[in-house]
Protein chains: 4
Amino acid sequence: MGDPRRRSASAQAAVLRSCAEIMRDRGPAAVSIEGVARAAGVGKQTIYRWWPSRGALLVDAMVAGRGEVEIDVVDTGDLAADLRAMLVAVIRVITGEHGPLLASLLGEMQQDVGLRAAFDEAIFEPVRGSYRARLRTARASSGTAGWPDDDTILDLAFGPLWFRLLTRPGHLDEGFAYDVAGLVARALGLEDAARG
Amino acid sequence: MGDPRRRSASAQAAVLRSCAEIMRDRGPAAVSIEGVARAAGVGKQTIYRWWPSRGALLVDAMVAGRGEVEIDVVDTGDLAADLRAMLVAVIRVITGEHGPLLASLLGEMQQDVGLRAAFDEAIFEPVRGSYRARLRTARASSGTAGWPDDDTILDLAFGPLWFRLLTRPGHLDEGFAYDVAGLVARALGLEDAARG
Amino acid sequence: MGDPRRRSASAQAAVLRSCAEIMRDRGPAAVSIEGVARAAGVGKQTIYRWWPSRGALLVDAMVAGRGEVEIDVVDTGDLAADLRAMLVAVIRVITGEHGPLLASLLGEMQQDVGLRAAFDEAIFEPVRGSYRARLRTARASSGTAGWPDDDTILDLAFGPLWFRLLTRPGHLDEGFAYDVAGLVARALGLEDAARG
Amino acid sequence: MGDPRRRSASAQAAVLRSCAEIMRDRGPAAVSIEGVARAAGVGKQTIYRWWPSRGALLVDAMVAGRGEVEIDVVDTGDLAADLRAMLVAVIRVITGEHGPLLASLLGEMQQDVGLRAAFDEAIFEPVRGSYRARLRTARASSGTAGWPDDDTILDLAFGPLWFRLLTRPGHLDEGFAYDVAGLVARALGLEDAARG
DNA sequence: TCTTAACCGAGACGGTACGTCCAGTCTTGTA
DNA sequence: TACAAGACTGGACGTACCGTCTCGGTTAAGA
């Protein structure tokens, strides 16, 4: 990706487009290299040349196709509010069009290290990075004495949302994000963040 | 009752045994109906007859093969301590032999509703049920005024562990269970549960 | 071939028929397993199951499709005449519809031991066997003192015909068979066999 | 002449060398344009530029690599002896290092007219031409009244050897060349040429 | 000396076919 | 009649090459 040897932009665009179409129409499980190549009018080798695994192609197709996976982490000075905003943004993404796809990819990456890397890099790392930065600012203030490390806080906040996406996706809504945000805020001793 | 299935008992046992062996030796992704049938000395039809999907077979093989997936939820009267004990037990299961398998199954059930049901029933529901009962007892006490509903608490507690299993399995350890337990306890206002 | 495990006669008939059609229409070089399977409406595996190599399939298709490859070796008591009759029969076969196919197969068997065996068994051995028997009778008579062994005689008789098929197929005709038969007869001292 | 091809000389040499190596090491069937280009450090286009077909390349590589394919036809005045010498020389070539290669090429030329031409020109024509000249001398003598035309004689002599190369290469030896030479001599009425 | 066009290596491109694995269904013969 | 065995059609895998087609980067010719 971003490889300077890349020659035929049109072939690759066709691949991503066809892959995205198949994902949209028949689900990510229906994506096969063979099928994408056929739909894109492209040789299989061309796909194998530029994507290391089926999963990497899926991630690419999702990310390239949409900017909607973006999560903004803002700093309003109120950590609890910022946390809530972020979790609501996450909920919106995972309950949106790409929710089932994200769940499938998260599942599929359990068996595909290439996909794991691609998915981490494209989906998780940006948000984790941003929120880590936000936490750094927060730690500069007082009242963070008993806090665990960043990753624990991140998993405490994100974990419930993704877990529910995977196990009971029908129960995902913004209220859940509010609840989780409130609970995490209270766990961190941000008392004013208590819901209501 | 004159159960016509009686004759199949040994065939089914052989299937489960072979499936478990393949999972153990080569991972769950290496399990195919064809391969299990061959290893079990069983006709493919026999597998299709008794299991609705490949995933259901995987769950059955895991559950039947081992009682280790059991999580006991006890009531010592100290909710925070019980929570911690439960999460440690969960961590032990998901960092144990079956961890990768559980992760794979959780992933695979994203594309297989039969597997979702089987997995829920075999893995999640028992623990959720037990802990729901434990929470019912707790709610009978005072100091639970601001609590969210059971499912939110459950996902807040379980979510971080399973999420980390799926995304950064190398960072799972008992300390993480302790941290999460402490944070959840604090979020629920069980102040004495704060770690340290 | 002749395997008692064989189940679906219709699938195999379809394979042979399609293979024969492709050979006839587009030449033996155009035969591919994939193409035959497609044309026959058969899974590739079914072909791989019953034929060890592409070449064996070609031979089977040719032999199964036609009885014309048969060469009768008769014993009129006149060895020279019988030889001539046989060579004429050979010429008719190799200048007929299947000539180019036979040439291709003879070529292809240079790189495919399975094909070599199949071709030998189906094409060469029957004639060689018959003519060997004819020679045995002849050797029982007098005047065979200086004769070389059977195989040398066979190659002396057949060799020129097949060699010309491979190298200058346009020059094959019955006259050539007559000439070769006459020369071989003279080489064997069957003076009355001299042409004219 | 200002030959623009001059610069390509080294590339062409590398191609022939690599092709010969592959033929030697892994057999002619293992030669592919792609593989030769890779081994020779040459662009595929360069091969397509200078050789019309894979077969032409094979012939070139064989001929260029070795002068051993040469057959000398001498005129000692004794036609039978000269014939025997020639057939022995042929046997030496086709039982030598290049035997299987020659057989494969003879086979492959059944499907490749370009190869047929190249092979004829490089392998058969020189010997046929020389021996045709030798026969012309012989015909100037007496005792050739009943002879068939040159090509028939040539095929009668060469055919058995090449045919055996293709069909039963393990049975090729000098004795066979002697036998064939003797029989052909007798067929032509060169009585003194009879073996023994 | 400086273009400039042919030729070079490299390898991407759309394709076809390979031989294998497995899915899910269907068939045969045994106990 | 349930079973093992495995054949069936079919789809996909990942690889090897095909022959064509750009790419830049040397040459070596004539301007």
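By convention in this document, chain letters (A, B, ...) are assigned in the order of the sequence lines, proteins followed by strands, and residues within each chain are numbered from 1.
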Check: Taking the side chain of A:V42 as heavy atoms from C-beta outward, which of F:dT9, E:dG14, E:dG9 is closest to it?
Finding: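 The listed nucleotide nearest to A:V42's side chain is E:dG14.
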Note to self: Between P on E:dA12 and CD1 on A:I47, what's the gap in Å once rounded to a whole number?
What the structure shows: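 That distance rounds to 15 Å.
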Margin query: If I take atom CD1 in residue C:I22 and atom C1' in nucleotide E:dT16, what distance separates them, rounded to the nearest angstrom?
Written below: 14 Å
Check: With sequence neighbours left out, which residue pairs that include part of residues 18-48 of chain B fulfil the ring-ring contact (aromatic ring centres under 6.0 Å, His included) condition?
Finding: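 For residues 18-48 of chain B: none.
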Checklist line | Residues that D:S53 engages under side-chain hydrogen bond (donor to acceptor under 3.5 Å, both in side chains), provided they are two or more places apart | finding: D:D112
Check: With A:S18, which residues qualify under side-chain hydrogen bond (donor to acceptor under 3.5 Å, both in side chains), at least two apart?
Finding: none
Taking 4.0 Å as the cut-off, does a side-chain nitrogen or oxygen of [X] come that near to OP1 or OP2 on [N]?
X     : N      : value
A:W50 : E:dC13 : yes
D:T46 : E:dC7  : no
B:R49 : F:dA2  : no

Item checked: Which residues share a salt bridge (Lys or Arg N to Asp or Glu O under 4.0 Å) with C:E121, sequence neighbours left out ->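 C:E121 satisfies salt bridge (Lys or Arg N to Asp or Glu O under 4.0 Å) with no other residue.
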Taking only N/O atoms, report every protein-nucleotides 19-23 of chain E pair under 3.5 Å with atom names and distance.
from: E:dG19; atom 1: OP2; to: C:Y48; atom 2: OH; distance (Å): 2.8
from: E:dG19; atom 1: N7; to: C:K44; atom 2: NZ; distance (Å): 2.9
from: E:dG19; atom 1: O6; to: C:K44; atom 2: NZ; distance (Å): 2.7
from: E:dA23; atom 1: OP1; to: B:I33; atom 2: N; distance (Å): 3.2
from: E:dA23; atom 1: OP2; to: B:I33; atom 2: N; distance (Å): 3.2
from: E:dA23; atom 1: OP2; to: B:E34; atom 2: N; distance (Å): 3.0

Contacts table for residues 29-45 of chain A: side-chain donor-acceptor under 3.5 angstrom, sequence neighbours left out:
from: A:S32; atom 1: OG; to: A:G35; atom 2: N; distance (Å): 2.9
from: A:E34; atom 1: OE1; to: A:K44; atom 2: NZ; distance (Å): 3.2

Notebook entry, point to check: Is the backbone of D:L166 close enough, under 3.5 Å, to the side chain of C:Q110 for a donor and an acceptor to pair up by distance?
Noted result: yes
